[in-house]
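So that the names make sense, note that chain A is the first sequence line, chain B the second, and so on, each numbered from 1.
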Protein chains: 2
Amino acid sequence: MKQQEHHFLLPATVDEASRIFKALGDPTRIKILYLLSQEECSVSHITEVLELTQSAVSHQLSFLRNLRLVKFRREGNTFYYTFDDEHVITILNQVLTHIECD
Amino acid sequence: MKQQEHHFLLPATVDEASRIFKALGDPTRIKILYLLSQEECSVSHITEVLELTQSAVSHQLSFLRNLRLVKFRREGNTFYYTFDDEHVITILNQVLTHIECD
DNA sequence: ATAGTATATGAGCATGTGTTCATATACTAT
DNA sequence: ATAGTATATGAACACATGCTCATATACTAT
């Protein structure tokens, strides 16, 4: 066994990374984030475009909001969501591009 | 609501992406992959360095093997693991760097 | 006020995940 | 052959996850 020095990660770093990856580790959330990476969307628009229930979308948006990956603005009854973490969108697009270009 | 055309993702693309992100979405697997990104390691070395049980490490390596994110070679009783997906390691390091440099 | 619309939220449930414990396998050394 | 070492694997269990269903909230229109 080699006797190198390792560079160790801080527990907080590992936790934060796993939280980000976990957020991206679900097909529904990937679709939502990918949609939001293209344009600002209302909840009902996401619901229609992705053919999901309103509740499922709303729960996932709540999840993404807690992680500060998306934000929203209100206009009357309509909530418009946009992504709120450029870096995570970049990572997502890198992976998607990598897969599609296989 | 805007009436743009969306670029849609293939279901297979979404699935593959979520599988990759899910693999990275666990602290133990992040630590293992990060270690392997630095050097080839035996199972027992991983076990000691990360202070995990042998079984937990072995199960996670099996998981990572199935996704072809790691590979191993055998030398007697000892199994040496290395990463097997440069792109995934790159993504992992990007996210880790981004977090640490906050 | 009343009804309608858009979204959020809580409970419940089925399924997935990560661990431990016990045991199997495969090799090495005596 | 036998004991020891390194790793893999299956079962079981606690906990997390993502959905649906029902309902709450907050605004709009009449």
Side-chain angles (χ1 to χ4, degrees), chain A residues 1-2 11 14-36 40-82 84, chain B residues 1-2 11 14-36 40-82 84:
Chain A
M1 184 202 310
K2 284 181 266 177
V14 174
D15 285 355
E16 174 67 7
S18 77
R19 238 175 295 129
I20 290 173
F21 286 126
K22 215 166 264 182
L24 295 170
D26 173 73
T28 301
R29 286 193 293 271
I30 287 180
K31 287 183 224 161
I32 291 175
L33 284 173
Y34 184 70
L35 196 53
L36 296 182
E40 186 182 51
C41 291
S42 69
V43 176
S44 54
H45 186 216
I46 299 172
T47 301
E48 284 160 26
V49 169
L50 301 183
E51 301 185 71
L52 299 164
T53 66
Q54 180 269 318
S55 184
V57 171
S58 198
H59 276 296
Q60 295 294 7
L61 288 172
S62 156
F63 180 107
L64 295 169
R65 241 163 36 220
N66 287 334
L67 286 174
R68 301 185 190 284
L69 299 186
V70 303
K71 62 186 172 192
F72 69 97
R73 67 185 176 85
R74 188 173 193 148
E75 212 170 271
N77 267 344
T78 306
F79 291 55
Y80 292 100
Y81 279 80
T82 45
D84 195 24
Chain B
M1 187 201 308
K2 284 180 266 175
V14 175
D15 284 355
E16 174 66 7
S18 78
R19 237 175 295 128
I20 290 172
F21 286 125
K22 216 166 264 184
L24 295 171
D26 172 73
T28 301
R29 287 193 293 272
I30 288 180
K31 288 184 225 161
I32 290 174
L33 284 173
Y34 185 70
L35 197 53
L36 295 182
E40 188 182 50
C41 292
S42 68
V43 177
S44 54
H45 186 214
I46 299 172
T47 301
E48 286 160 25
V49 169
L50 301 183
E51 301 185 69
L52 299 164
T53 66
Q54 180 270 320
S55 185
V57 171
S58 198
H59 276 297
Q60 295 294 7
L61 287 171
S62 156
F63 180 108
L64 294 170
R65 241 164 35 218
N66 287 334
L67 286 174
R68 299 185 193 282
L69 299 186
V70 302
K71 64 185 171 194
F72 68 97
R73 67 184 176 83
R74 186 176 196 147
E75 212 170 90
N77 267 344
T78 306
F79 290 56
Y80 291 99
Y81 278 81
T82 46
D84 196 25

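- How far CG of A:L69 is from CG of A:L24: 7.0 Å, rounded to the nearest 0.5 Å.
- Across all strands, B:T53 comes closer than 4.0 Å only to sugar-phosphate atoms, never to a base (heavy-atom distances).
- Residues passing the side chain to side chain donor-acceptor pair (under 3.5 Å) test with B:R73, sequence neighbours excluded: B:E40, B:E75.
- The CD1 atom of A:I30 lies 12.0 Å from the CG atom of A:L50; values are rounded to the nearest 0.5 Å.
- In this structure, B:F63 atom CZ and C:dG16 atom C1' are separated by 11 Å, rounded to whole Å.
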Any N/O pairs under 3.5 Å between the protein and nucleotides 3-7 of chain D? List them or say none.
from: D:dT5; atom 1: O2; to: B:N77; atom 2: ND2; distance (Å): 2.7
from: D:dA6; atom 1: O3'; to: B:N77; atom 2: O; distance (Å): 3.2
from: D:dT7; atom 1: OP1; to: B:V43; atom 2: N; distance (Å): 3.3
from: D:dT7; atom 1: OP1; to: B:F79; atom 2: N; distance (Å): 3.1
from: D:dT7; atom 1: OP2; to: B:S44; atom 2: N; distance (Å): 2.8
from: D:dT7; atom 1: OP2; to: B:S44; atom 2: OG; distance (Å): 3.2

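- In this entry the distance linking CD1 of B:I32 with P of D:dA8 reads 11 Å, nearest Å.
- Distance alone, capped at 3.5 Å, places no donor-acceptor pair between the B:R19 side chain and the B:F21 backbone.
- Interatomic distance, CG of B:D15 versus CD1 of B:I20, reported as 11.5 Å (0.5 Å rounding).
- Of all the residues in residues 19-30 of chain A, A:K22, A:D26, A:T28, A:R29 reach under 4.0 Å from DNA chain D with at least one non-hydrogen atom.
- Distance B:D15 CG to D:dG18 C1': 15 Å, rounded to the nearest Å.
- Side-chain atoms of A:Y81 and A:R65 include a donor-acceptor pair closer than 3.5 Å.
- Counting only heavy atoms from C-beta on, A:S62 has its side chain closest to C:dT9 among D:dA8, C:dT9, D:dC19.
- A heavy-atom distance below 4.5 Å is found between the side chains of A:L52 and A:V57.
- Taking a pair as Watson-Crick or G-U with both hydrogen-bonding distances under 3.5 Å, the stems of three or more pairs touching DNA chain D are C:1-30 with D:1-30.
- For the atom pair B:C41 SG and B:L61 CG, the distance stands at 9.5 Å (nearest 0.5 Å).
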Carefully, step by step, assess A:K31 and A:L35 under the rule side-chain contact (heavy atoms from CB on, under 4.5 Å).
-> CA-CA 6 Å; A:K31 287 183 224 161; A:L35 196 53; over 6 Å; no

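- Atom CG of A:L61 and atom P of D:dG18 are 14 Å apart (whole Å).
- Looking only at side-chain heavy atoms (C-beta outward), B:L36 and B:I46 come within less than 4.5 Å of each other.
- Within 3.5 Å, a donor on the side chain of B:H59 pairs with an acceptor on the base of C:dT20, or the reverse.
- Separating the CG atom in B:L67 from the CD atom in B:E16 is a distance of 8.0 Å, to the nearest 0.5 Å.
- Residue pairs meeting the side chain to side chain donor-acceptor pair (under 3.5 Å) criterion with at least one member in residues 49-60 of chain A, sequence neighbours excluded, are A:R29-A:Q60.
- Atom CG of residue B:D84 and atom CG of residue B:L33 lie 11.0 Å apart, to the nearest 0.5 angstrom.
- Under 3.5 Å, the side chain of B:S55 and the base of C:dC21 form at least one donor-acceptor pair of N or O atoms.
- Non-hydrogen atoms lying under 4.0 Å from DNA chain C are contributed by B:R74, B:G76, all within residues 66-76 of chain B.
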